[in-house]
K.L.:
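Before we start, here is the structure in question, set down as structure tokens.
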Amino acid sequence: MHKCETDVKHILQVHGNTLYRSAFLLLGNSHDVQDILQEVLLRYLEKSPVFQSAEHEKAWLLRVTTNCCMDLLRFRKKNAYTDLESLKESLPGPEQKEHLEELYALPVKYKTILILHYFEGYSVAEIAQITKLSKSAVKKRLQRGREALKIAITKTCTAGGLTTGNSQNPFIKLTTTKKESYNL
């Protein structure tokens, strides 16, 4: 069964914001994100996958988006250039703008897991399925990613004199989460 334009419109309406946000947090450039989303939609049309549920569809789309982003990041590693200024403008709060650089600087294996868990709301088990990692590997990457981000944010806060008392700030929530709060 081939997918048609109506299916693509449905995907964009239902999952467009999630896919865009995930790709943007991984890549940091809206032009690259648009290219990635086009690639994801082309793969969706070419493969014509049959999904068991809406969650299966979302997981497939996120996995393809992540894979496409990883391919682009591998290309970028050989031809390095990153424009962080466009990223700073996309976040609303000044503290979030300051901390985005630290999140963006994390290795992709940690950044991906942190984004899926904290920004997209997936549990450890769901992330393990999406990324094809074991639950323990996901937990360890969450732990190491939080630790690395906390160290980077702490350095920025002490150097710049920023206060981090806002409990609504997702970066503060992310760096102060304890191991017991994993959603399994």
K.L.:
Distance from Ser134 atom OG to Lys139 atom NZ, nearest 0.5 Å?
P.N.:
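NZ of Lys139 is found 9.5 Å from OG of Ser134.
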
K.L.:
What I'd like to find out is whether the side chain of Ser22 reaches to under 4.5 Å of the side chain of Leu62, using heavy atoms alone.
P.N.:
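Result yes, sub-4.5 Å side-chain heavy-atom pair found.
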
K.L.:
In Å and rounded to the nearest 0.5 Å, what is the NE2 to CG distance from His15 to Leu37?
P.N.:
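Between atom NE2 of His15 and atom CG of Leu37 there are 13.0 Å.
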
K.L.:
Applying a strict under-4.5 Å side-chain criterion to I, L, V, M, F, W and Y, I'd like to know whether Val64 and Val14 cluster together.
P.N.:
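No, no single cluster joins them.
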
K.L.:
Look at the side-chain heavy atoms of Ile, Leu, Val, Met, Phe, Trp and Tyr, link any pair under 4.5 Å apart, and say whether Ile130 and Phe51 land in one connected group.
P.N.:
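They do share one cluster, since a chain of ILVMFWY contacts under 4.5 Å joins Ile130 to Phe51.
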
K.L.:
Just how far is it from atom CG of Leu25 to atom OH of Tyr20, taken to the nearest 0.5 Å?
P.N.:
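Here the interatomic distance stands at 10.5 Å.
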
K.L.:
Could you tell me whether the side chain of Arg74 reaches within less than 4.5 Å of the side chain of Asp71, counting heavy atoms only?
P.N.:
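Of all side-chain heavy-atom pairs linking Arg74 with Asp71, at least one is under 4.5 Å.
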
K.L.:
Roughly how far, to the nearest 0.5 Å, is OG1 of Thr18 from CG of Leu61?
P.N.:
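Taking CG in Leu61 and OG1 in Thr18, the distance rounds to 10.0 Å.
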
K.L.:
Tell me the closest heavy-atom pair linking Arg141 and Tyr110, and the distance in Å.
P.N.:
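Here Arg141 and Tyr110 meet closest at O-CD2, 3.5 Å.
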
K.L.:
Same cluster or not: are Leu42 and Trp60 linked, directly or through other Ile, Leu, Val, Met, Phe, Trp or Tyr residues, by side-chain heavy atoms under 4.5 angstrom apart?
P.N.:
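Hydrophobic grouping puts Leu42 apart from Trp60.
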
K.L.:
Is there a donor-acceptor contact under 3.5 Å from the side chain of His117 to the main chain of Ile113?
P.N.:
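Between the backbone of Ile113 and the side chain of His117 there is no qualifying donor-acceptor contact (under 3.5 Å).
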
K.L.:
Distance from Gln143 atom CD to Ser136 atom OG, nearest 0.5 Å?
P.N.:
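Gln143 atom CD to Ser136 atom OG measures 11.5 Å (nearest 0.5 Å).
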
K.L.:
Is there a donor in the side chain of Asn67 and an acceptor in the side chain of Arg63, or the other way round, less than 3.5 Å apart?
P.N.:
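Yes, because at least one side-chain N or O of Asn67 sits under 3.5 Å from a partner of the opposite role on Arg63.
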
K.L.:
Considering only heavy atoms from C-beta outward, does the side chain of Arg43 approach that of Glu39 to under 4.5 Å?
P.N.:
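Answer yes - side chains close enough.
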
K.L.:
Looking at every non-hydrogen atom in both residues, tell me the closest pair between Ile11 and Glu57 and how far apart they are.
P.N.:
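Closest pair (atom of Ile11, atom of Glu57, distance): CD1-OE2, 3.2 Å.
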
K.L.:
Is a donor on one side and an acceptor on the other found under 3.5 Å between the side chain of Gln38 and the backbone of Asp35?
P.N.:
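Answer holds: no.
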
K.L.:
Side-chain contact, heavy-atom cut-off 4.5 Å: Leu41 with Leu12?
P.N.:
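Leu41 reaches Leu12 side chain to side chain.
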
K.L.:
Looking only at heavy atoms, which two atoms of Gly145 and Leu106 are closest? And how far apart?
P.N.:
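Closest heavy-atom pair between Gly145 and Leu106: O-CD1, 4.0 Å.
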
K.L.:
So which atom in Ala125 and which in Lys135 form the shortest heavy-atom distance, rounded to 0.1 Å?
P.N.:
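Heavy-atom minimum between the residues: CB-CE, 3.7 Å.
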
K.L.:
Check Arg146 against Leu114 and note the closest heavy-atom contact, atom names and distance.
P.N.:
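Where Arg146 meets Leu114 most closely, the heavy atoms are CG-CD2, 4.0 Å.
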
K.L.:
Starting from Leu26, can I reach Leu142 by hopping between I/L/V/M/F/W/Y residues whose side chains sit under 4.5 Å apart?
P.N.:
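Hydrophobic grouping puts Leu142 with Leu26.
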
K.L.:
Can you tell me if Arg144 has over 12 outside heavy atoms packed within less than 6.0 Å of its CZ?
P.N.:
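Not buried by this count: 12 neighbours or fewer within 6.0 Å.
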
K.L.:
At what distance, to the nearest 0.5 angstrom, does CD of Glu120 lie from CG of Leu19?
P.N.:
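Spacing of CD (Glu120) from CG (Leu19) equals 8.5 Å.
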
K.L.:
Please evaluate residues Met70 and Phe75 with respect to the criterion side-chain contact (heavy atoms from CB on, under 4.5 Å), reporting the C-alpha separation (whole Å), side-chain torsions for both, the decisive distance (0.1 Å), and the verdict.
P.N.:
CA-CA 9 Å; Met70 301 293 262; Phe75 173 78; over 6 Å; no

K.L.:
Nearest heavy-atom pair of Leu27 and Ile36: which atoms, and what distance?
P.N.:
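Closest heavy-atom pair between Leu27 and Ile36: CD1-CG1, 3.5 Å.
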
